[in-house]
2 protein chains.
Amino acid sequence: MSYTSIPKPTESELEILHILWEHGPSSVRFVNERLNEEREVGYTTTLKLMQIMADKGLAVRNTDNRTHIYEAAVSEADTQKRLLQKFVSTAFRGSAMKLVMQALGNHEASPEELDEIKALIEKMESDDDK
Amino acid sequence: MSYTSIPKPTESELEILHILWEHGPSSVRFVNERLNEEREVGYTTTLKLMQIMADKGLAVRNTDNRTHIYEAAVSEADTQKRLLQKFVSTAFRGSAMKLVMQALGNHEASPEELDEIKALIEKMESDDDK
DNA sequence: TTGCTTTTACGAAGAGCTTCGTATATAATT
DNA sequence: AATTATATACGAAGCTCTTCGTAAAAGCAA
């Protein structure tokens, strides 16, 4: 099968992407070991997922060596942006503000983090004035 | 089938919940008509989904009359909170702040909304002082 | 009453995701 | 060379979600 555009990663694929983003190009064995630190996953399960990810264009693999090496083909920021857009539209009917309010209200944010967010907002507002 | 705890709604179920939240108790026909304002959906498809939602505990139905009336059994705020928690953990590895920054950075919020968020932050900060 | 309409009930197909068993190939070990 | 270990390839089963066809029940209209 082939894809005209890169589809959005599933939950399992996202788990693997996080490992690839954090550690860079990795073998199936390495990824499977990282996954097994969280929960039990069979080696061939991880292999299959990574093959599918390569097929989907979410990862590229280098087959020069016997042990194939996979690398993320999508960036963390872009992927999170895409997922967020989808999530905001489905769960919050497009209201990013509602989401932000929920996130701020539910999770304990440190004073430093709150200041960071405030600074970002002020920066955006001053940019808009221009 | 029965459930020990109420599962999180799927995308289609969420669409229906939004209609029930907005319009209150509704018949299958009414919900189906609202859905068809967005995209084509068969009547029995909507019916089946709503029956499943009642089974899952996401909705309750009143069968007194021939035309059953369904009502949301979960609140909008609680549901969004649950979905958000799940989303933050999978897509942002638990960093709610990263998510907030992304959401704000993507220009998905209007200037008025930004002011509201700033007000919320200031309120939270003053609460912390106490 | 005899059909027409609306409604619910049931079941099953099709798609996508996850999981893993089995086969096969290749390398390393003895 | 024979055995063992490690890799990839393939296919299929099980699950959930979505979709809808068909049947049965219940009210309405002629």
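The chains referred to below are lettered A, B, ... by the order of the sequence lines, with proteins before strands, and numbering in each begins at 1.
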Presence of A/T10 side-chain N/O under 4.0 Å of C/dG16 phosphate oxygens OP1/OP2: no
Mind listing the side-chain donor-acceptor pairs of residues 114-121 of chain B below 3.5 Å, one per line with the distance, residues two or more places apart or on another chain?
residue	atom	partner	partner atom	Å
B/K118	NZ	A/E125	OE1	3.1

Quick one: the side chain of A/K48 and the base of D/dG11, do they pair up donor-acceptor inside 3.5 Å? yes
Taking it one step at a time, do A/L17 and A/M53 satisfy side-chain contact (heavy atoms from CB on, under 4.5 Å)? CA-CA 9 Å; A/L17 279 176; A/M53 288 170 71; 3.7 Å; yes
Tell me whether B/N36 contacts the main-chain N or O of B/N32 through its side chain, where contact means a donor paired with an acceptor under 3.5 Å. yes
Quick one: is B/R29 getting a side-chain N or O under 4.0 Å of the C/dT6 phosphate, OP1 or OP2? no
Report the distance from atom OH of B/Y70 to atom C1' of C/dA9, rounded to the nearest whole Å. 10 Å
Just how far, in rounded Å, is P of C/dT6 from CG of B/L47? 15 Å
In whole Å, I'd like the distance from the CG atom of B/L35 to the P atom of D/dT19. 10 Å
Residues pairing under salt bridge (charged side-chain N to carboxylate O under 4.0 Å, His left out) where one sits in residues 74-86 of chain B, two or more places apart or in two chains, turn out to be A/E11-B/K86, A/K98-B/E76
Let me know the distance between CG of A/N36 and P of C/dC20, rounded to the nearest Å. 10 Å
To the nearest 0.5 Å, what is the distance between CG on A/D64 and CD1 on A/I69? 10.0 Å
A/M53 CE to C/dG16 P: how many Å, rounded? 18 Å
Identify, between B/K56 and B/G42, the residue whose nearest nucleotide on DNA chain D lies closer to the 5' end. B/K56
Aromatic rings B/F87 and A/F87: how do their planes relate, parallel, tilted or perpendicular, breaks at 30° and 60°? parallel
Protein N or O to nucleotides 23-28 of chain D N or O, pairs below 3.5 Å:
none

Interatomic distance where CG belongs to A/N65 and C1' belongs to C/dA28 [whole Å]: 16 Å
Tell me whether the OP1 or OP2 atom of D/dT18 has a side-chain N or O from B/S12 closer than 4.0 Å. yes
So what does A/T45 hit on the nucleic acid, given a heavy-atom distance under 4.0 Å: a base, only sugar-phosphate, or nothing? base
Given atom CD1 of A/I69 and atom P of D/dA7, what is their separation to the nearest angstrom? 10 Å
Are B/L20 and B/S26 close enough that some pair of their side-chain heavy atoms sits under 4.5 Å apart? yes
Any side-chain N or O of A/Y43 below 4.0 angstrom from OP1/OP2 of D/dT8? yes
Do any side-chain nitrogens or oxygens of B/R39 fall under 4.0 Å of OP1 or OP2 in D/dT19? yes
I need the CD-P distance between B/E11 and D/dT18, as an integer number of Å. 7 Å
Is the phosphate of D/dA9 approached by A/Q51 (side-chain N or O, under 4.0 Å from OP1 or OP2)? yes
